[in-house]
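Below is one structure, written out as structure tokens, with a few remarks after it.
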Amino acid sequence: METQSIVVLDFGAQYSQLIARRIREQNVFSVVLPCTASLEEIGSYSPLGIILSGGPCSVYDADAPPADPRVLQFGVPVLGICYGLQFMVHELGGKVRAAEKREYGHATIEKVAESELFRGLPKVLAVWMSHGDEAVELPAGFQLIARSPNAAAAIENVESKMWAVQFHPEVHHTRLGTEILRNFVFNICGAKPSWTPQHFIDATVANVRNTVGQGHAICALSGGVDSAVAATLVDRALRDGQGPSHLTCIFVNNGVLRKDEFEKVQRTLRDNSGLHLVAVDATERFLSKLKGVTDPEKKRKIIGNEFISVFDKEAHRIEKEEGEVQWLVQGTLYPDVIESRSVRGPSQTIKTHHNVGGLPEKMKLKLIEPLKDLFKDEVRKIGRDLGMPEEILQRQPFPGPGLAVRILGEVTPERLAILRHCDDIVVSEIKKAGLYTKIWQSFAVLLPVMSVGVMGDQRTYAYTCAIRAVHSEDGMTADWVPLPYEVLKTISSRIVNEVKGVNRVVYDVTSKPPGTIEWE
């Protein structure tokens, strides 16, 4: 656990994770907790400050997100953002009502009093608004420090250590929003910029050593960035000087890997990274369990459960050779936790990730998840400080359930062969165009849609392949990539001509939200 942090309480806002990211960019650790978090849980993070996020509800609604109002008297500075301001005003005796003029989008506010929150900033600020309610009466002890043409834009009660803004400083549209957050984090909360990659590495290595001791661990290695960095971190912690590591990495072929991936991963991580790697081909086991299954959540849970079963079996084998195994290392990331466990207050679970919600309730091995508080770009920074090769760090994300969630409908050997070929063409052409490291994710999806085509003067009736390419910072939100026309043309032409079983190619132009990056 970090010795200092800024806790963000999420009231269901789409920007909550962005608040945490903006703070982490200042080398200060920040964590997002649901607005329902107990005071004890909040206190476990040793917060120097608390931020109340925005949210879609009104504070006077019957179904308004429940939060303990005592958080306002926690004893550390509190910053309310949008709904957070309204929650603060409402709970402390002020008045909030539906605004006569709602404010959405770009707006201009003007400072009307000096405040530490706006230190060093001009009198007029361009901000981003997104609210339909407004504070019309402030609680006792509060003063207005900025206003928009239509509403109170910022308030404070210095004596009670409370500040609040009606706009969103975390989004890029609020041009000096980062400076406002910096003023809160450093000038008001007194945080120090000590959360660096090297600090994280040192703290994690020490924590793993203290937790595992002389025990033995196994790592769920997929060959992707997350599990590779997690394995390297734990391997460093569990080595006796230059001697052997107490970590054994297990790479499972679950039958839904990409083309030649089982062999490539072994070469890269065993030969180039020095990890103790055991490869297990469990293709038949996984595909037999997936036979006839079409529901995406069932696919994910089946794969998660089978992973653990395979690890348990391997752990027993390793125990006979090297001693008792008690720990399982996974490359779980923060977005996995958020989407699987609905961390976002009143938000719904979006999908279950195999290495979070897919775990069985009664698991023999205890978990080590050294990256569970990190976003993807932060993991890559950690990897670089660990000296890992760019070949591994620049790999695009690949889902734990693999191609199973890129085949809509039943997963069969025939469909897997088709999708592997399509996906290989997509990735190779993206790399050839010099776009692979500039795109968050690019891949093919096989749709359960058959359509009529004509090839060589003959009628065809074959599958449809969808191409997906997105830009993202951390996987929480994403925009579709306008791939160059020539690249799309080449990909489409190659797939239709080279992949038997596909006669139509479409391009996905959906962002996240409303869609997810993966189709399932």
Side-chain angles (χ1 to χ4, degrees), residues 1-39 41-55 67 71-72 74-84 117 161-165 168-172 174 177-201 203-204 207 332-339 341 343-345 347 369-382 473-477:
M1 191 70 67
E2 292 299 312
T3 55
Q4 63 167 20
S5 70
I6 301 295
V7 169
V8 179
L9 291 184
D10 182 14
F11 287 85
Q14 59 178 315
Y15 298 133
S16 294
Q17 320 314 319
L18 197 52
I19 301 170
R21 288 192 56 80
R22 293 291 171 258
I23 295 169
R24 291 182 181 201
E25 288 167 2
Q26 309 306 318
N27 293 330
V28 175
F29 182 69
S30 181
V31 64
V32 179
L33 299 178
C35 61
T36 53
S38 66
L39 297 183
E41 183 179 5
I42 294 170
S44 70
Y45 285 91
S46 304
L48 294 176
I50 296 171
I51 296 180
L52 312 178
S53 83
V71 72
L72 299 174
F74 196 82
V76 298
V78 179
L79 172 65
I81 294 177
C82 196
Y83 181 92
L117 193 63
K161 300 181 181 179
M162 295 184 208
W163 290 257
V165 295
H168 289 273
E170 70 274 22
V171 302
H172 288 300
T174 298
T178 297
E179 284 75 5
I180 294 171
L181 290 174
R182 281 177 57 86
N183 282 339
F184 178 72
V185 170
F186 295 119
N187 299 339
I188 294 175
C189 297
K192 304 295 181 186
S194 59
W195 194 68
T196 63
Q198 191 57 53
H199 167 79
F200 177 85
I201 291 170
T204 301
N207 184 54
T332 309
L333 297 194
Y334 205 20
D336 298 339
V337 175
I338 293 166
E339 290 194 338
R341 297 177 181 168
V343 168
R344 297 186 298 165
S347 303
E369 297 174 302
L371 310 178
K372 64 182 174 62
D373 289 327
L374 300 184
F375 292 100
K376 178 75 74 173
D377 59 319
E378 294 170 332
V379 171
R380 288 195 169 103
K381 291 177 183 177
I382 298 299
E473 277 189 338
D474 49 38
M476 295 304 300
T477 59

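What you see below is based on every heavy atom in this structure, not just the backbone, and it leaves out hydrogens, waters and symmetry mates.
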Next item on the list: Taking all non-hydrogen atoms of both residues into account, name the closest pair between Pro193 and Val28 and its distance.
Entry: CA-CG2, 4.3 Å
Note to self: Tell me whether Arg21 forms a cation-pi arrangement with Phe375, defined as NZ or CZ under 6.0 Å from the six-membered ring centre and within 45 degrees of its axis.
What the structure shows: yes
Next item on the list: Would you check if the side chain of Thr174 reaches a backbone N or O of His168 as a donor-acceptor pair within less than 3.5 Å?
Entry: yes
Checklist line | Test item: Ile51 and Ile23 side chains (from C-beta on) under 4.5 Å apart, heavy atoms | finding: yes
Notebook entry, point to check: Going by heavy atoms in the side chains, are Arg22 and Val185 under 4.5 Å from each other?
Noted result: no
Checklist line | Pro77 to Trp163 - nearest heavy-atom pair and separation | finding: CB-CZ3, 4.0 Å
Note to self: I need the Lys161 NZ to Cys189 SG distance, nearest 0.5 Å.
What the structure shows: 9.5 Å
Check: Distance from Ile81 atom CD1 to Ile19 atom CD1, nearest 0.5 Å?
Finding: 4.0 Å
Next item on the list: Decide yes or no for Leu39 and Phe74: does some side-chain heavy atom of the first lie under 4.5 Å from some side-chain heavy atom of the second?
Entry: yes
Notebook entry, point to check: Rounded to the nearest 0.5 Å, what separation is found between the CZ atom of Arg182 and the CD1 atom of Ile188?
Noted result: 13.0 Å
Item checked: Least distance between heavy atoms, Val76 atom then Gly49 atom -> CG2-CA, 3.9 Å
Note to self: Within the structure provided, determine whether Ile50 and Leu9 are in side-chain contact (heavy-atom separation under 4.5 Å).
What the structure shows: yes
Note to self: Evaluate Leu52 against Tyr83 for side-chain contact (heavy atoms from CB on, under 4.5 Å), listing each step before the verdict.
What the structure shows: CA-CA 8 Å; Leu52 312 178; Tyr83 181 92; over 6 Å; no
Checklist line | Nearest-0.5 Å distance that lies between atom CD1 in Ile180 and atom CD in Glu170 | finding: 10.5 Å
Check: Checking Asp10 side chain against Ala13 main chain: does a donor-acceptor pair fall under 3.5 Å?
Finding: yes
Notebook entry, point to check: Do you know the tightest heavy-atom contact between Leu117 and Asn183?
Noted result: O-ND2, 3.0 Å
Check: Do Lys381 and Glu378 sit within salt-bridge range, that is, some charged N less than 4.0 Å from a carboxylate O?
Finding: no
Item checked: Which atom of Gln4 lies closest to which atom of Leu48, heavy atoms considered -> OE1-CD1, 3.1 Å
Notebook entry, point to check: With side chains defined as the heavy atoms from C-beta onward, is the minimum distance between Thr178 and Gln26 less than 4.5 Å?
Noted result: yes
Next item on the list: First locate atom OG1 of Thr196, then atom CZ of Phe29, and finally report the distance between them rounded to the nearest 0.5 Å.
Entry: 13.5 Å
Margin query: Quick check: closest heavy atoms across Val31 and Tyr45, and the distance to 0.1 Å?
Written below: CG1-CD2, 3.7 Å
Notebook entry, point to check: So how far is it from Leu18 CG to Ser53 OG, rounded to the nearest 0.5 Å?
Noted result: 11.5 Å
